[in-house]
Amino acid sequence: MSRYGFLGPEGTFTSMALDAWQPAAAGERVTFGSVDAALTALRSGAIDGAMVPIENSVEGGVSATLDALASGEPLVVVGEVLVPVTFVLAATSGTTLRDVHAVGTHSHAWAQVRGWMAAHLPGAEYVATLSTASAAEALEHGRQPYEAAVCAPAAAQRHGLEVLASGIGDMQAAVTRFVLVARPGELPARTGADKTTVVLFQREDHAGGLLELLEQFAARGINMTRLESRPTKDSMGSYCFSIDLEGHVLDERLGEALMGLKRICAEVRFLGSYPRADRQRATVAPLTSDADFSAARAWLDGIRSGGS
Ligand SMILES: O=C(O)C(=O)Cc1ccccc1
């Protein structure tokens, strides 16, 4: 992979995720104004990979990313990165908290500093910007309808801003999970500490429908690490389920679960198997190992070929 897209400019949390993924010298970095723009460029072949936020420990799933991956030309996740998110309130030199009437930042950041804002700048207006770092950059160039930006400490420094307050996130231990997305191609190797992401579309709405889907995982000892319902956007009340699972599609139990889902769902969208950022190995419940599945399959093959 040589061209990586991300929400720019440099200094965003997404750029930090890309720093963690890709050694500084390797590959070209291409900035975009939104997750959608990066994924459109990826689908068109203009870039080879895109780093996008998918889940936040405070706010949950990132809808823009989940929805962009659930429809359109197929894309797959090939890796994940966890970034601890710390926010500062930054402004040009000489600005004090009293001078701040409006604050610019990305909507994810605003959602995570609401408590601090209510306590310290209750009257401040929120101005949405394309990213945290773009809010900081605009302050440096003096062309913005706000006096302060919420951004990463590194973005404040990069743009010569003063930090009016630091650690302003409502949850100090907030973490955002980013994924590197690519066009389908080679599957990342199985490591034993993998995750698989799928989107499930039901055939028709009926009592127990979600339970039927989840039974496919439960029966094979597969743990879920995220489950979200998202509107399909076709009609009111029509939802699909975006799910992260422990394991790799090359694991027998996971492959069998996907086959079970393929039979009962209108559509199973495979969004990739990739190594977990925390390297935590999947717990394999008794009688659900590859060896257990292979032995059962060998037994069936034997019967089918006239044995017992
Ligand atoms: O604007 C940024 O810096 C981003 O990368 C988006 C974002 C904002 C806040 C938390 C995580 C990601």
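Note that ligands are numbered from 1 as they come in the structure, with each ligand's atoms numbered from 1 the same way.
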Identify, by atom number and element, the atoms of ligand 1 in contact range of T12, meaning under 4.0 Å from any of its heavy atoms.
2 (C), 3 (O), 5 (O)
Taking the six-membered ring for Trp and the single ring otherwise, decide whether the centroids of F13 and F87 are under 6.0 Å apart.
yes
Could you pull out, from Q112, E59, H108, R177, the option with a heavy atom nearest to atom 12 (C) of ligand 1?
H108
Polar atom proximity, F13 to ligand 1 (N or O, under 3.5 Å):
yes
Aromatic ring pairing Y126/W110, orientation class (parallel under 30°, perpendicular over 60°, tilted between)
parallel
Would one find an N or O of S131, backbone or side chain, under 3.5 Å from an N or O of ligand 1?
no
Distance-only side-chain donor-acceptor flag, R190 / S273, under 3.5 Å
no
When you look for heavy atoms under 4.0 Å from ligand 1, do you find them on the side chain of L7, its backbone, both, or neither?
side chain
For ligand 1, which part of P53 has a heavy atom less than 4.0 Å away: the side chain, the backbone, both, or neither?
neither
Less than 4.5 Å apart, any side-chain heavy atom of T288 and any of E252?
no
Over 60° means perpendicular and under 30° means parallel, so classify the ring planes of H108 and H106, tilted if in between.
perpendicular
Thinking salt bridges, do R177 and D244 make one under a 4.0 Å N-O criterion?
yes
Of all the non-hydrogen atoms in the protein, which one sits nearest to atom 5 (O) of ligand 1, and at what distance?
T14 OG1, 2.5 Å
Ligand 1 versus T176, non-hydrogen atoms closer than 4.0 Å: side chain, backbone, both, neither?
side chain
What residue and heavy atom of the protein are closest to atom 3 (O) of ligand 1, and at what distance?
T132 OG1, 2.5 Å
Report, in ascending order of atom number, the atoms of ligand 1 lying under 4.0 Å from any heavy atom of A109.
9 (C)
Mark yes or no: R29 above the aromatic ring of F6, with NZ or CZ under 6.0 Å from the six-membered ring centre and no more than 45 degrees from the axis.
yes
